[in-house]
Amino acid sequence: MVSGHVHAAPVFTPILDSPDRIPASRFPVPQNRNRNDEWRFMGCRHGLAVLLEVSRREAVVWDPITGQQRHVSFPPEMHTDDWNRWHAAVLCADTADGHVHGDCFSSPFKLVLILVAQRARAFACLYESASGAWGDIASTATRDTICYTQPSVLIGNAFCWLLGEADILAFDIERHSLGVIEKPDMKRYYSSVRLFRREDNGPGLACLSKLTILLWERKSNYDGVVGWEMLQKTIKLKGLFPRKMPSYDKLVYLSGYDEDTNAIVLTTETGNFTLQLDSAQIRHIIKRDYICDNTFYPYIQISIPQVIHSYLTLPFTNC
């Protein structure tokens, strides 16, 4: 999995074709207040983005189109100086009839802050903008750190994050409860793993083995016991790419996931592709002749009649 410290500014990569393609210059990226600040980008949902500035103990909900920001101080009970242990997620909380998610900055939102301490315990707290207050802190035992380069996936009423060894940390927004779903009994090594949302709104894992993606789903058996099961369906990447890959090019990463379109982002030495998990259709979104370890965060903003679909990328190296 991709890991490392992100010091570079996020970059928007529009993926719609003309005339719907919006230039990246339309997206005013937040700037650090001083050189010691280090914004960490956590993800996008409903046209909103969330960033953390751990040294300031502050979360920022940001509208990438207008540049508007709403700053929220961390709950005082959650403390650590190790910024690798934090994560966050945001969603629009507007339930009014006729509201379309995607143009939600003026709407109430919910923000979840996650802290994983010493690979032993995870803590979560929910902020609701309607009340302007944090709720009670929930916690659970865990055996690994959070993958801070992988954003949350909204599965049912829960925000879910992948932990380092493929366990899943899940915070139930309605119950304000935190728990861990243990990974499946994997018999082989996977070079890259991504959490995804299945059609039935349950969790799934996409696991890359050489040039084949294997899919795991969590379901109940005849006795009502819930567990992991590997699907018979696999996605063989060889032959799917629009043009023949060089024989030496065996390096592929799963570098992003779009919960709105159920698509995985692939990184290769010929650029980046989106792969639909349902149909196995592939699309070349960035062309280059070298590998670039970017992390991709999907961004969709709906403002009738316009729809903006892009990816915000954070470069691990200078690409």
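Note that these values count all heavy atoms, side chains included, but never hydrogens, waters or copies made by symmetry.
- In this structure, CH2 on Trp161 lies 6.5 Å from CD1 on Ile146, to the nearest 0.5 angstrom.
- The shortest distance between side-chain heavy atoms of Leu275 and Ile235 falls below 4.5 Å.
- To the nearest 0.5 angstrom, Thr140 atom OG1 is 7.5 Å from Leu169 atom CG.
- The two residues Gly43 and Tyr297 come nearest to each other via the heavy atoms CA-CD2, 3.8 Å.
- Judged by distance alone, the side chain of Ser129 and the main-chain N or O of Gly132 form no donor-acceptor pair under 3.5 Å.
- If you run side chain to side chain donor-acceptor pair (under 3.5 Å) between Asn272 and each of Arg283, His284, Arg288, only Arg288 comes through.
- Around atom NZ of Lys236, no more than 12 heavy atoms belonging to other residues, nucleotides or ligands sit under 6.0 Å away.
- Panel note: side chain Lys233, backbone Asp278; a donor-acceptor pair is recorded below 3.5 Å.
- Judged purely by distance below 3.5 Å, without hydrogens or angles, the side chains of Ser255 and Arg194 never pair a donor atom with an acceptor atom.
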Pair Trp134, Phe74 - check ring pair (Phe, Tyr, Trp, His ring centres under 6.0 Å), show working. CA-CA 9 Å; Trp134 290 97; Phe74 286 6; 7.4 Å; no
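- A donor-acceptor distance shorter than 3.5 angstrom exists from the side chain of Gln150 to the backbone of Val193, with no hydrogens or angles considered.
- Atom OG1 in Thr270 sits 11.5 Å away from atom CD1 in Ile286 (nearest 0.5 Å).
- Considering only heavy atoms from C-beta on, Leu215 stays 4.5 Å or farther from Met230 through its side chain.
- Side-chain atoms of Phe241 and Ile282, non-hydrogen and from C-beta on, do get closer than 4.5 Å to each other.
- Using a 4.5 Å heavy-atom threshold, the side chains of Ile168 and Leu163 count as separate.
- Nearest heavy atom pair, residue Ser152 against residue Glu259, reads O-OE1, 4.1 Å.
- Counting only distance, with no hydrogens or angles, the side chain of His46 and the backbone of Ala93 share no donor-acceptor pair below 3.5 Å.
- Inter-residue side-chain proximity for Val60 and Val72 is flagged as unmet; no heavy-atom pair is nearer than 4.5 Å.
- The side-chain hydrogen bond (donor to acceptor under 3.5 Å, both in side chains) search around Arg175 returns none, not counting sequence neighbours.
- Residues Pro75 and Leu113 form a side-chain contact, since some pair of their non-hydrogen atoms from C-beta on lies under 4.5 Å apart.
- For Asp136, the CG atom is loosely surrounded, since the number of other residues' heavy atoms within 6.0 Å does not exceed 12.
- Between Tyr257 and Arg197, the closest heavy-atom pair is OH-N, 3.1 Å.
- In this structure the side chain of Arg143 reaches within 4.5 angstrom of the side chain of Glu182, judged on heavy atoms.
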Take Phe159 and Arg45 through the side-chain contact (heavy atoms from CB on, under 4.5 Å) test and state the conclusion after the steps. CA-CA 11 Å; Phe159 282 130; Arg45 186 172 289 105; 3.1 Å; yes
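- Asp258 CG to Thr274 OG1: the interatomic distance, rounded to the nearest 0.5 Å, is 9.0 Å.
- Contact detail for Val252 and Leu208: the closest heavy-atom pair is O-CD2, 3.2 Å.
- Atom CG of Leu211 and atom CG of Leu266 lie 10.0 Å apart (nearest 0.5 Å).
- Inter-residue side-chain proximity for Val61 and Gln69 is flagged as unmet; no heavy-atom pair is nearer than 4.5 Å.
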Could you go through Leu237 and Thr212, starting from their C-alpha distance and side-chain angles, then the distance that decides it, and tell me whether this counts as side-chain contact (heavy atoms from CB on, under 4.5 Å)? CA-CA 6 Å; Leu237 299 179; Thr212 299; over 6 Å; no
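- Here the shortest heavy-atom pairing between Gln276 and Ala263 reads NE2-CB, 3.8 Å.
- Nearest heavy-atom pair across Met186 and Cys207 is CE-SG, 3.9 Å.
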Leu111 vs Val50, test: side-chain contact (heavy atoms from CB on, under 4.5 Å). Steps then yes/no. CA-CA 8 Å; Leu111 168 70; Val50 60; 3.6 Å; yes
I'd like to know whether Arg70 forms a side-chain contact (heavy atoms from CB on, under 4.5 Å) with Phe109, so could you lay out the CA-CA distance, the side-chain angles of the two residues, the decisive distance to 0.1 Å, and finally the verdict. CA-CA 11 Å; Arg70 298 176 71 172; Phe109 64 85; 3.6 Å; yes
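- Note: Leu205 CG to Leu231 CG = 10.5 Å, rounded to the nearest 0.5 Å.
- Looking only at distances, no side-chain donor or acceptor of Arg198 sits under 3.5 Å from a matching main-chain atom of Trp216.
- Side-chain N/O atoms of Glu53 and Ser55 include a donor and acceptor closer than 3.5 Å.
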Are Asn157 and Asp172 close enough, and set up right, to give a side chain to side chain donor-acceptor pair (under 3.5 Å), and what steps lead you there? CA-CA 6 Å; Asn157 290 323; Asp172 190 302; 5.3 Å; no
